[in-house]
Amino acid sequence: MLKKQGRPPTAARKPQLNDDIGEELRLRMYGMQVTIRQAEQRAYDLFLQNLVKGTSHLSLGQEAVATGFAAAMRPRDLSFCTYRGHAHTLARGVPVEKVLGELMQRDNGLMRGKGGSMHLTSAEHGVMGSYAIIGAHLPIACGAAWRAQYKGTGDVAVCFFGDGTTNIGAFHEAVNFASVWKLPVVFVCENNLYMEYTPIGDVIPVKHPAADRASAYGLEAIVIDGNDADAVYRAACAAYAKARAGGGPSLVECLTYRHSGHSRADPATYRPKGELEAWLKRDPIKIYRERLLQFGVEQDAIDAVDAEVRRDVDEATEKCKAAGPPPLEILTTDVYADGGWAWRN
Amino acid sequence: MLKKQGRPPTAARKPQLNDDIGEELRLRMYGMQVTIRQAEQRAYDLFLQNLVKGTSHLSLGQEAVATGFAAAMRPRDLSFCTYRGHAHTLARGVPVEKVLGELMQRDNGLMRGKGGSMHLTSAEHGVMGSYAIIGAHLPIACGAAWRAQYKGTGDVAVCFFGDGTTNIGAFHEAVNFASVWKLPVVFVCENNLYMEYTPIGDVIPVKHPAADRASAYGLEAIVIDGNDADAVYRAACAAYAKARAGGGPSLVECLTYRHSGHSRADPATYRPKGELEAWLKRDPIKIYRERLLQFGVEQDAIDAVDAEVRRDVDEATEKCKAAGPPPLEILTTDVYADGGWAWRN
Amino acid sequence: MAELTYREAVARGIAQEMTRDPDVVFLGEDVAKAGGVFKATVGLLDQFGPVRVRDTPISEQAILGAAMGAAMTGLKPIAEIMFSDFLAVCFDFIANEFPKSRYMSNGQLKCPLVVRTGNGAGSRFGAQHSQSVENWCMMIPGLKVVAPSTPRDVIGLMAAAVRDPDPVIFFEHKSLYPMKGEVPDGEIVDTLGSAKILRPGKDATILALALMVPRALAAAEKLKAEAGIDCEVIDVRSLVPLDTQTILGSLARTHRLFTVEENPRLCGWGAEIVSIVADEAFYDLDGPAVRITTPHIPLPAADTLEDIVLPTVDRIAETVRRSLSS
Amino acid sequence: MAELTYREAVARGIAQEMTRDPDVVFLGEDVAKAGGVFKATVGLLDQFGPVRVRDTPISEQAILGAAMGAAMTGLKPIAEIMFSDFLAVCFDFIANEFPKSRYMSNGQLKCPLVVRTGNGAGSRFGAQHSQSVENWCMMIPGLKVVAPSTPRDVIGLMAAAVRDPDPVIFFEHKSLYPMKGEVPDGEIVDTLGSAKILRPGKDATILALALMVPRALAAAEKLKAEAGIDCEVIDVRSLVPLDTQTILGSLARTHRLFTVEENPRLCGWGAEIVSIVADEAFYDLDGPAVRITTPHIPLPAADTLEDIVLPTVDRIAETVRRSLSS
Ligand SMILES: Cc1ncc(C[n+]2csc(CCOP(=O)(O)OP(=O)(O)O)c2C)c(N)n1
Ligand SMILES: Cc1ncc(C[n+]2csc(CCOP(=O)(O)OP(=O)(O)O)c2C)c(N)n1
Ligand SMILES: [Mg+2]
Ligand SMILES: [Mg+2]
């Protein structure tokens, strides 16, 4: 009663910076989202200059998912990504240069151009690979979680995938397996409404591609706002805590949207009029910037983050442009553990 | 009130033979269950005499499922079975001789010994194959249903599989696909509590391997008593009617039990004490015989069915014993549609 | 006569068959509304409607299984598996279901369907989207396997595949999609199991498939111009059935054999052919039979690496030249 | 020295490695409580407990995927795929995941695991449970592939496979499970990539694998006794790495080559070896290299048919005899 009467309505909604997330982490999460955004926009520019080779799949608009889940991880937790994995890779702290270098297939790339944009991997950052065959990495993440369980490390394996991936067999096998073995793995479905060009609603008989399947595996149906990094962070913390406590896997569906096409080849003309515009209003970076301001963070501080990221991305771009192609000798290295490719004597 | 007071309690429970199923169909369903039982027992005897080659998977105790689903089919409806498919094959009217002949790998077998016990097929009876790789036939049944939908034939494809099969990827893909395309296919899960030797309860985090997954595909959870042919028949009728009306697929879980081991090699020692005995009390043939008696069918009439089946099975056995092995020429026939196997000129 | 791209030829080939036979249906991921990720099936939805041209979930096993069940009961499905690398996620249908049901049922069941799929390297897509996997299918008894190298062959072999009563795996080469070629007007129907001598020659026989065909031809021209070596170039086109007669016939004239394979070396189609030749044409051979293949490694993504990994015109020419002069 | 069955050797081989290294774990369908459907893993659950020896759902993709993720992060999993035919339902892991992750990551990821699986015919199980599919794996760059023919080799090669830092596909032959052989006491560790000359000879080299090894040996004895032909018999044992030196060395002495393959003909390992020989040892050969294989058909179930479909001792001997005398 006092609350309702005594305070002005704005003050009543005045958010607290010293909540469970706090200012420092929020600034970090803001910076990460901006880093992903700018790095991917740069990737797009470089593609237009014919400097990004092969394909590439941007997460523009989905930055909050990668950011929130990564921010809640411990260093030894492991990420398993898809071809749309730049965001998740950057979110674990992999330098922009390494990612852009790989997209440009230069010698300074994360895998020196051997893997390409769809297979970003940085074991030292816990990014245990990006997988380009739909569904494959869900069972693989189970295996990493199994190892954590076996060794009692307390580590969590986190596996990111799209809405369309929920219809492939490996999804079903993996989530069931993880649930029966109570593995510390978190399955994160980024529901961006589309597969490549076909709306997910056309190919499932339920509303939520992941959450409406959760009960089949004895799991809770979890749907969160994937464009709000705070909501993502909190869901991640809960899922990780459950996993670390021996409570088994979680399946978290994040509602989000990709601003650009499926891949660089896709102008995304299949989207109904107004859909993009509506989602742009819910741009995760816009939302987060507004929240920071609302929380009392200064515009200058925010601008400083943006500028610093831009410097970083510019510098990375220059380094990549200056880097050479991978030397031809690496063509046949690292097929086998002995470093070579000999299949005969 | 009148009912309760005016009639003696037995009369009150006196079942009506002229219900939706009726006497004639009931006698047919009884005969079919006995046929399956006796044919499979014979197969077992022949195995002990070393006359059944390869493997074989009996459905002793599961006869009501095959019988009820087949009895509700129209001649043009299609059955898709597993390696445990003798029952479903017989239930569509395939002669015992043809089935035993195949198990004995004789020239009079359904496929002249080329397929063996795990692949019983009789296209003329609508048995579109028995599949020995877990899960494969679920998508295939979808295809047959797609053709029925495309041609507007009103035919239904019926696909039988076990509890353990619900954990393989193809199950998930097929049921989702069928639901989205609203295909006239009925998925029948025979939950006999075990995979090969491992209890299904050990490998799923839910109670019902099929029914607890139904909602993931927008389907109703249906669990029936698989040892009561009447219950099975009614569930089948409902599912087929829905399918023919364009209502799409159903997923029906039948609770049942196999009296013998998984395959001929399995003494089934992994079963807890008393489990088999408890289920033997619920033997589908025993249940059905009692029901017929209760319904006023004469013991003599029932015995006559049993005796006729025995004659038939005996005769089939003799024919199979007399039949020779397949001629060696058929080794290379029917690889391709031209009848031969030429992969080169 | 019109000039078409290989990509356009795919759509025309499918359209030709869908027009002819109402039982031909087409399904796959993003094939209908979007016209395919390679834009090879643009226009089919408009022309034949959503009942015959259907988008599916990302469920390759369901796609191939549905195709099989439909084929078995009377339709003639064409199923797309977007990238041939994805045959691995539905390989049970390729290896155990399609090719065995007729045999196991002693001829009771049939499986007349076509799986078309984007095969091969050159797009800098990396190891999981660039493979040449025709051998995954060639080694399975009961399948037929074709891989056209020109727009004309795309249409003709597509027609042959759709009309064939057996399961046919149809490999389209991703790097050939933009290539243009002359295509006659009207219906085109080829036959499965016939290789084509594209360039007659007397000094050596070079066998090639799909993207390797234009490279083999260019290498032959180079060899002629630079070394006076006159190679016969044969487009194998169909791995199963295999036109052994054309191959052995050529060898009887040239006495030397080279295969140009995009696949990684081990157990490639070239090995099979060389083993046939080593047995049946041993006394025709004047020197070693040599396979020119992609090294037995996963494929790299980087353009510079990818460019040197597949057999190049130079590598083909150099290998032949050196082998003939030793 | 003890006499063990091939089946018992599997359990002993696994036990040897699980005892040595606590990071070795074992998973599969019905492998723990039931001791495996072929009873090849009886006793492991009792010895190593349910944390290291685990039953799984019928989810082959989950089994192989879990093995891979565990391998990648430090365990040494052994995964069972009950029948090798089922590799088709999890082939993405075999073809696209295991063998490519190290390469694509430029050496950052590792995949030290073993997939063991029951391979081959002879049990009258029919086309979907009898195949010899070692070639499905041999053709994939990045895998290693072994197939022992004796109890001793089962243990030695299992140890080598488990200790190997790369993914190894280990083919056990179902028809060999009951076969007995002498096995030395104590630890046995073999090396991958070494073929074994089991019977020296001077007139021809016969290469065989798994179940075909005893048949090739018997054929060699028959040829010696009946035709005075002295064959060298080599157990190839490891398809990748391939011991080309032993094979080429033998050929340099005998000048004639025969392969005995259980696989259907097309793209078999014999084709690969013949193609190597046709290129590198052309001038060593005194006559055609001949492959003796199962015909290129799905396998029949019936005993009478199955008995004639695989290469038999008589067919091997007769083929060699006729070829050497022509
Ligand atoms: C097994 C397999 N099938 C198809 C593809 C082609 N493909 C790549 S991305 C994609 C769409 C995936 O959609 P979703 O899971 O929603 O992820 P998103 O791309 O939206 O992040 C498809 C079909 C593939 N890579 N692997
Ligand atoms: C893909 C595949 N994995 C494993 C097997 C081996 N296998 C044959 S039957 C069976 C158990 C199946 O259990 P369920 O589905 O419950 O059927 P039931 O045998 O009880 O009728 C297994 C694991 C197989 N045939 N195919
Ligand atoms: Mg999506
Ligand atoms: Mg069962």
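Because the structure is a prediction, the values reported are computed rather than measured. Sequence lines set the chain letters: A, B, ... in the order given, protein chains first and strands last, and positions in each chain run from 1.
- Considering only heavy atoms from C-beta on, D:Tyr103 stays 4.5 Å or farther from A:His119 through its side chain.
- With a 4.5 Å cut-off on non-hydrogen atoms, D:Gln245 touches chain A through its backbone and its side chain both.
- In this structure the side chain of A:Met128 reaches within 4.5 angstrom of the side chain of D:Thr73, judged on heavy atoms.
- Counting heavy-atom pairs closer than 4.5 Å to chain A, the top-ranked of the candidates D:Lys100, D:Lys110, D:Arg52 is D:Arg52.
- Rounded to the nearest 0.5 Å, atoms NE2 (A:His137) and CE (D:Met68) are 11.5 Å apart.
- Neither the backbone nor the side chain of D:Ser101 has a heavy atom closer than 4.5 Å to any heavy atom of chain A.
- Residues D:Ile276 and A:Arg344 have side chains in contact (heavy-atom distance under 4.5 Å, counting atoms from C-beta outward).
- A:Lys151 is listed as a side-chain neighbour of D:Leu75, based on a closest heavy-atom distance under 4.5 Å.
- Within the 4.5 angstrom heavy-atom criterion, atoms from both the backbone and the side chain of A:Leu331 approach chain D.
- Summarising the local packing, NZ of D:Lys196 is surrounded by more than 12 heavy atoms from other residues, nucleotides or ligands at distances under 6.0 Å.
- Interface remark: of the candidates A:Cys142, A:Ala123, A:Ala174, A:Ala123 forms the most heavy-atom pairs closer than 4.5 Å to chain D.
- Side chains of D:Met104 and A:Met111 form no contact here, defined as non-hydrogen atoms less than 4.5 Å apart.
- Annotation: maximal heavy-atom pairing with chain A below 4.5 Å, among D:Pro99, D:Ala62, D:Cys90, occurs at D:Ala62.
- Contact of A:Asn176 with chain D is made through the side chain alone, with heavy-atom distances under 4.5 Å.
- Chain D forms the most heavy-atom pairs under 4.5 Å with one residue out of A:Leu110, A:Leu183, A:Ile133, and that residue is A:Ile133.
- The residue among D:Thr246, D:Val25, D:Asp164, D:Thr56 with the most heavy atom pairs within less than 4.5 Å of chain A is D:Val25.
- The side-chain heavy atoms of D:Lys144 and A:Tyr336, taken from C-beta on, include a pair separated by under 4.5 Å.
- When each of D:Gly142, D:Gly107, D:Pro165, D:Pro241 is checked for heavy-atom pairs under 4.5 Å with chain A, D:Gly142 comes out on top.
- Proximity of D:Asn96 to A:Tyr131: side-chain heavy atoms (C-beta onward) are nowhere separated by under 4.5 Å.
- For A:Ala141, no part sits under 4.5 Å from any heavy atom of chain D, backbone or side chain.
- Between A:Glu173 and D:Pro57, the closest side-chain pair of non-hydrogen atoms is not below 4.5 Å.
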Next item on the list: Could you please spell out the steps behind the side chain to side chain contact (heavy atoms under 4.5 Å, CB included) verdict for D:Gln61 and A:Phe171?
Entry: CA-CA 9 Å; D:Gln61 297 191 71; A:Phe171 165 86; over 6 Å; no
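- Judged by distance alone, the side chain of D:Glu97 and the main-chain N or O of A:Ala136 form no donor-acceptor pair under 3.5 Å.
- Proximity to chain A is absent for every atom of D:Leu64, based on heavy atoms less than 4.5 angstrom apart.
- Without hydrogens or angle criteria, A:Asn345 side chain to D:Thr244 main chain gives a donor-acceptor distance under 3.5 Å.
- Counting heavy-atom pairs closer than 4.5 Å to chain A, the top residue among D:Gly193, D:Pro77, D:Gly69 is D:Gly69.
- Residue contact with chain D, scored on non-hydrogen atoms closer than 4.5 Å, involves the side chain of A:Gln149 exclusively.
- Ion pair A:Arg147/D:Asp23 not flagged as a salt bridge, since none of the NZ, NE, NH1 or NH2 atoms sits closer than 4.0 Å to an Asp/Glu carboxylate oxygen.
- Heavy atoms only, all atoms of each residue included: D:Ala70 and A:Trp146 are closest at CB-CE3, 3.7 Å.
- Contacts between A:Leu78 and chain D at a heavy-atom distance below 4.5 Å involve the side chain alone, from C-beta outward.
- Proximity to chain A (any heavy atom under 4.5 Å) is shown, for D:Asp243, by both the backbone and the side chain.
- Your options are D:Val89, D:Ile58, D:Leu27, and the one with the most heavy-atom pairs under 4.5 Å with chain A is D:Leu27.
- Atom NZ of A:Lys242 has more than 12 neighbouring heavy atoms from other residues, nucleotides or ligands inside a 6.0 Å radius.
- With a 4.5 angstrom heavy-atom cutoff, A:Trp181 touches chain D via backbone and side-chain atoms both.
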